[in-house]
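Report on the following structure.
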Protein chains: 4
Amino acid sequence: MDNGKLTIRKRKTLSDQLYGQILEQIVSGALKQGEKLPSENRICTAFGVSRPVVREALRKLQDDGLVEARRGVGSFVRKRPPQRLIEFAAADSVSDLMRAMEARMVVEKATARLAAQRAGSREIAKIEAALKTLENAMQRRETALDADFDFHLAIAEASGNHAFVTMLSAIREVMERTIDVAQSLTREGSQARIDRVTQEHRQIYEAIIARDVDAAGLTMAYHLLQARQRVTDYAREV
Amino acid sequence: MDNGKLTIRKRKTLSDQLYGQILEQIVSGALKQGEKLPSENRICTAFGVSRPVVREALRKLQDDGLVEARRGVGSFVRKRPPQRLIEFAAADSVSDLMRAMEARMVVEKATARLAAQRAGSREIAKIEAALKTLENAMQRRETALDADFDFHLAIAEASGNHAFVTMLSAIREVMERTIDVAQSLTREGSQARIDRVTQEHRQIYEAIIARDVDAAGLTMAYHLLQARQRVTDYAREV
Amino acid sequence: MDNGKLTIRKRKTLSDQLYGQILEQIVSGALKQGEKLPSENRICTAFGVSRPVVREALRKLQDDGLVEARRGVGSFVRKRPPQRLIEFAAADSVSDLMRAMEARMVVEKATARLAAQRAGSREIAKIEAALKTLENAMQRRETALDADFDFHLAIAEASGNHAFVTMLSAIREVMERTIDVAQSLTREGSQARIDRVTQEHRQIYEAIIARDVDAAGLTMAYHLLQARQRVTDYAREV
Amino acid sequence: MDNGKLTIRKRKTLSDQLYGQILEQIVSGALKQGEKLPSENRICTAFGVSRPVVREALRKLQDDGLVEARRGVGSFVRKRPPQRLIEFAAADSVSDLMRAMEARMVVEKATARLAAQRAGSREIAKIEAALKTLENAMQRRETALDADFDFHLAIAEASGNHAFVTMLSAIREVMERTIDVAQSLTREGSQARIDRVTQEHRQIYEAIIARDVDAAGLTMAYHLLQARQRVTDYAREV
């Protein structure tokens with residue numbers, strides 16, 4: 001048994017399992033875009049779970065932009081994620097993936113800002129090397145899981161604060177799965193999408209070397225927001 | 001051998017060792033408040049380290065508010081930290097402590113904001129229980145290391161995002177040392193200081209139960225900023 | 001007729017009038033702390049306004065921490081503001097006051113951060129002069145409206161961005177009324193409250209001269225948050 | 001005499017005049033990309049201004065990404081802005097334009113976030129109408145100054161906080177000039193650039209109607225950052 005990588009949590013919470021089951025129905029088209037979800041009561045009965053569990057699952061689907069709540073009316077399907085999302089990650093672990101994206105947005109906005117302030121020439125060389133490997137692989141439509149992770153980790157290292165490196169390393173497994181899903185969608189996407197993803201990474205790098213603290217944080221947060229939207233929206237072009 | 005807790009890093013970097021040695025001289029009074037530090041060149045020679053190492057150490061002392069750089073003139077001692085700071089933590093690990101405070105400010109501002117949005121009654125009960133234990137211990141001037149850590153972890157759990165719990169757990173040891181230093185200073189401080197620290201925790205809790213997202217993030221960030229200033233400023237009253 | 005000062009808006013919106021009327025009942029004690037407000041339907045009928053107007057008024061009372069909504073149950077009075085709040089400002093203009101506080105939190109967090117980066121010795125002298133005048137007046141329990149406004153404007157000037165000065169000047173009248181209410185409450189408060197308010201201003205000034213960008217923004221935002229809570233909470237000690 | 005519009009300030013500061021003169025030399029190519037600027041001393045002598053004035057002008061050029069400071073070496077030209085920038089706006093007022101962009105980033109990030117929380121159907125209809133007018137005009141390469149301003153003002157109105165509307169109205173003239181420069185560059189740019197600018201506006205609108213508070217603030221800040229970079233970088237493709 002390979003214990004080399006730690007999973008964030010072994011057992012999925014009930015709300016994340018329910019999240020996964022509703023997600024599968026949206027991905028398969030059993031629940032169509034714009035369609036109203038069953039009422040909280042009916043979901044409770046159908047899945048044999050309590051109301052707080054249903055509310056938590058719906059709240060998470062809403063936070064992730066997949067479902068929309070209309071006050072006093074109910075919840076509606078907002079976006080259909082690509083099939084890939086539940087192929088790469090078991091449906092009941094997608095909620096964890098999305099939460100990891102949320103946490104990365106907080107932490108990596110900070111690491112990018114600090115890197116723009118503190119990165120020395122050695123740290124910048126490392127970020128640049130990872131970026132180049134990533135760009136080459138993406139243009140050839142090859143996987144570049146390590147280069148992508150290295151790019152983000154090199155920025156954390158350049159923050160001059162090892163606690164951030166420790167934090168990202170602690171969620172490395174789930175972080176790699178978010179990268180995996182995003183990259184596989186990009187590889188199969190249009191050249192325009194490949195160019196956009198490449199450009200998003202390059203903008204972060206350029207803000208860091210320009211020592212533009214606000215731009216570094218902003219382009220990082222924007223990149224992660226776009227990544228989240230790409231993995232949850234089937235119809236998205238770029 | 002007890003491997004129950006992981007240290008962040010085994011070996012201290014050269015810049016953190018140099019940071020510790022300058023810090024010791026400030027704490028002992030060998031370098032007085034307002035006094036000019038030796039030039040970068042002289043520090044290089046005296047400690048046998050390269051200029052980038054000196055610059056990194058000075059930059060960190062500056063980021064921590066202990067030293068101030070005057071353009072074209074040099075670096076000056078800004079604040080004298082209490083003796084406690086280097087008793088509790090070896091001087092060469094204080095830099096790690098301060099970096100952990102910086103990372104906590106980023107992560108815990110986010111967890112407090114999310115807790116104000118998402119905490120259920122069970123999560124709130126946990127935060128409240130830790131707060132009460134902490135308040136009682138502080139008023140009796142007893143140690144309450146666990147209650148303090150529990151308070152902050154309970155807020156992370158209430159964020160509805162397990163990745164944040166994983167991240168804080170990953171820096172638990174260094175986080176506990178920051179709490180340890182701060183608490184021991186508070187216990188020996190005036191009643192006014194004890195009341196202030198108690199009130200800071202209570203404000204965070206009240207913002208969370210009031211569902212005031214901005215206030216929750218702001219009072220948490222303010223609390224951690226004050227904690228950082230208390231552990232670095234000998235002369236500070238509250 | 002004195003047209004020297006422009007009011008933000010001549011006519012109050014319906015929702016701000018309704019806000020004012022509910023506020024008056026909370027201040028007078030006709031609606032007690034913890035008491036449930038009438039249903040949206042009953043408010044519509046009682047005041048002859050549409051449901052969106054009622055919802056907007058309730059949402060604002062909630063944003064200001066005066067009322068709390070419990071999902072599927074209704075709205076409850078959370079805090080009773082001091083009588084002063086509606087003596088100084090007509091009840092139907094209190095909503096505008098609170099919105100001005102919200103806007104100030106955004107703009108002045110930015111001006112304090114930029115001042116910590118850019119203030120020259122002349123700008124710092126101006127901030128310091130206003131601070132000293134303010135502290136002296138507060139300790140003697142005298143009004144210091146101008147000194148308070150000058151302190152905040154001097155920080156905006158020190159931001160090196162005149163657009164922020166223009167923006168604050170554009171809301172000067174309503175900004176002065178927020179200061180007026182806050183100061184009159186402080187003057188009549190305990191010595192502890194006077195010391196706290198003094199300390200809040202001093203912390204901002206110290207963060208700026210220490211060139212601590214994060215601390216400057218944080219202490220400014222915290223000060224304005226506390227000011228908002230002081231003007232809305234009768235029972236608050238400091 | 002037409003007093004319909006107020007200028008932010010009548011007289012330009014010395015540092016903004018100096019900013020304008022250095023800018024003209026960069027735009028004309030007299031100072032080339034990568035070239036070292038004269039020393040602070042030489043600029044003092046050449047323009048007959050004091051050292052603080054020179055430092056302020058250089059710091060602003062640096063903040064705007066046009067010049068880069070290398071510690072202990074000097075300042076270097078980083079980017080060459082398009083000719084348009086000083087045709088539309090007198091060179092000595094470009095610094096004001098850039099400061100207005102900085103202030104807009106702060107204020108409009110907040111208005112977009114609040115609009116995502118508070119916009120009613122009427123406010124959303126207004127944002128949408130402005131967006132459609134803007135998109136149509138841009139695709140036909142026509143000017144759409146009013147539609148662009150209306151889009152941003154409608155978002156401020158949807159924030160439910162009139163103080164923000166007052167603030168943006170107070171800097172309307174300089175805000176319109178920033179829009180004017182940006183639009184004229186877009187009109188003459190590639191179809192790819194027109195599509196990007198259109199998409200940036202649409203993303204803000206979509207985040208608002210999706211009630212995604214973070215995405216609304218982030219896409220607004222990103223749009224304004226990109227706009228700032230487009231007006232300062234001649235070589236930029238999109």
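Residue numbers start from 1 in every chain, and the chains themselves are labelled A, B, ... in the order their sequence lines are given, proteins ahead of strands. Only a predicted model underlies this, so the values are computations on that prediction, with no experimental measurement involved.
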Rounded to the nearest 0.5 Å, what's the gap from [atom1] on [X] to [atom2] on [Y]? Could you check?
X        : Y        : atom1 : atom2 : answer
A:Lys60  : B:Asn161 : NZ    : CG    : 8.5 Å
A:Leu168 : B:Met167 : CG    : CE    : 5.5 Å
B:Ser95  : A:His162 : OG    : NE2   : 12.0 Å

Original post:
More than 12 foreign heavy atoms under 6.0 Å from NZ of B:Lys126: is that the case here?
Top reply: no
Original post:
When you look at CZ of B:Arg42, are more than 12 heavy atoms from neighbouring residues, nucleotides or ligands closer to it than 6.0 Å?
Top reply: no
**OP:** Mind checking side chain to side chain contact (heavy atoms under 4.5 Å, CB included) for B:Arg177 and listing every partner two or more places apart, or none if nothing turns up?
**Re:** B:Ala89, B:Ser93, B:Leu97, B:Glu173, B:Val174
Subject >> Contacts with chain B made by residues 103-115 of chain A (heavy-atom distance under 4.5 Å), listed by residue number >> reply: A:Ala103, A:Val106, A:Val107, A:Ala110, A:Leu114
**OP:** Might you point out which heavy atoms bring B:Ala163 and A:Ala100 nearest each other, and give the distance in Å?
**Re:** CB-CA, 4.3 Å
**OP:** Could I get the full list of salt bridge (charged side-chain N to carboxylate O under 4.0 Å, His left out) partners for B:Glu123, not counting sequence neighbours?
**Re:** none
**OP:** Please identify each residue that fulfils ring-ring contact (aromatic ring centres under 6.0 Å, His included) with A:Tyr222, with sequence neighbours left out.
**Re:** D:Tyr222
Original post:
Going through the checks in order, is the side chain to side chain contact (heavy atoms under 4.5 Å, CB included) test met by A:Asp63 and B:Arg118?
Top reply: CA-CA 11 Å; A:Asp63 286 343; B:Arg118 299 179 184 167; 3.0 Å; yes
